[in-house]
Amino acid sequence: MGNEGLKIFWIILWVLVAAGWSVLSFQWLRKEIEEIHPMLDGQKSPMAKLIVRRFVVFILLAVLLYLALRTEPLAAIGMIVVITIATWVQVIIYSSHLDK
């Protein structure tokens, strides 16, 4: 495999990782949001756990983007595009399910 072939391999790999990460991250967020219920007196707010978990997800995404950038800069750009589009599609689908 030549140098160009290796670059294409890295781009495809990181784009697939980004798509998987987007789906996994959105499913975690959806599950966390669905578990939020009205608080009774004396209960702790579930928002603190939600914020900490989303911060950890954000840090893991930053690590993935850093690794992609180190292997192939175009792969990082591809990751950003794929994550953005995949998240939008998931939000639209989820919103349409809620409307029904």
Side-chain angles (χ1 to χ4, degrees):
M1 190 180 287
N3 194 21
E4 290 299 316
L6 189 59
K7 285 183 181 183
I8 292 171
F9 168 76
W10 282 117
I11 292 170
I12 291 171
L13 175 74
W14 284 112
V15 163
L16 291 175
V17 167
W21 178 255
S22 177
V23 170
L24 185 63
S25 174
F26 189 82
Q27 294 304 316
W28 284 339
L29 178 62
R30 187 178 59 95
K31 180 183 170 199
E32 291 170 359
I33 297 299
E34 288 173 353
E35 290 177 359
I36 294 176
H37 300 289
M39 294 181 350
L40 301 173
D41 291 335
Q43 281 185 330
K44 290 184 178 179
S45 172
M47 293 307 292
K49 283 174 57 175
L50 176 69
I51 291 170
V52 169
R53 286 180 185 156
R54 294 318 295 174
F55 184 73
V56 169
V57 167
F58 179 74
I59 295 299
L60 290 173
L61 176 61
V63 169
L64 287 174
L65 281 171
Y66 173 76
L67 292 173
L69 188 61
R70 296 281 298 178
T71 56
E72 178 58 41
L74 286 176
I77 295 169
M79 281 184 71
I80 292 168
V81 170
V82 167
I83 287 173
T84 302
I85 292 171
T87 302
W88 285 355
V89 168
Q90 291 176 89
V91 167
I92 291 168
I93 291 171
Y94 183 66
S95 177
S96 69
H97 285 300
L98 288 179
D99 289 341
K100 290 182 180 179

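Heavy atoms only: backbone and side chains are in, while hydrogens, waters and symmetry mates are out.
Residue L65 is grouped with residue V63 when hydrophobic side chains (ILVMFWY) are merged at heavy-atom distances under 4.5 angstrom, including chains of intermediate members. Follow the hydrophobic side-chain contacts under 4.5 Å out from I59 and you never reach W28; the two are in separate clusters. Connection of F9 to L16 is not established within any shared hydrophobic cluster, with ILVMFWY side chains joined at heavy-atom distances below 4.5 Å, either directly or through further cluster members. The hydrophobic cluster containing V57 also contains L60, counting ILVMFWY residues as joined when their side-chain heavy atoms lie under 4.5 angstrom apart, directly or transitively. Residues V56 and Y66 fall within the same hydrophobic cluster, defined by Ile, Leu, Val, Met, Phe, Trp and Tyr side chains chained together at heavy-atom separations under 4.5 Å.
Within the model, atoms CD1 of I83 and CH2 of W21 stand 9.0 Å from one another, a figure rounded to the nearest 0.5 Å. Interatomic distance, R54 CZ to L61 CG, rounded to the nearest 0.5 Å: 10.0 Å.
Remark: S22 pairs with T87, Q90 by the side-chain hydrogen bond (donor to acceptor under 3.5 Å, both in side chains) rule, at least two apart or across chains.
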Pairs of donor and acceptor atoms involving the side chains of residues 70-82, under 3.5 Å and at least two apart or interchain, shall be tabulated with distances.
{"unit_1": "T71", "atom_1": "OG1", "unit_2": "W14", "atom_2": "NE1", "d": "2.9"}
{"unit_1": "T71", "atom_1": "OG1", "unit_2": "L67", "atom_2": "O", "d": "3.3"}
{"unit_1": "T71", "atom_1": "OG1", "unit_2": "A68", "atom_2": "O", "d": "3.0"}

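Grouped with W88 in a hydrophobic cluster is no other residue, since no side-chain heavy-atom contact under 4.5 Å to another Ile, Leu, Val, Met, Phe, Trp or Tyr is found.
Put simply, the side chain of L29 reaches to within 4.5 Å of the side chain of I33, judged on heavy atoms. Considering only heavy atoms from C-beta on, D99 comes within 4.5 Å of S95 through its side chain. Residues L13 and W10 form a side-chain contact, since some pair of their non-hydrogen atoms from C-beta on lies under 4.5 Å apart. Considering only heavy atoms from C-beta on, Y94 comes within 4.5 Å of R30 through its side chain.
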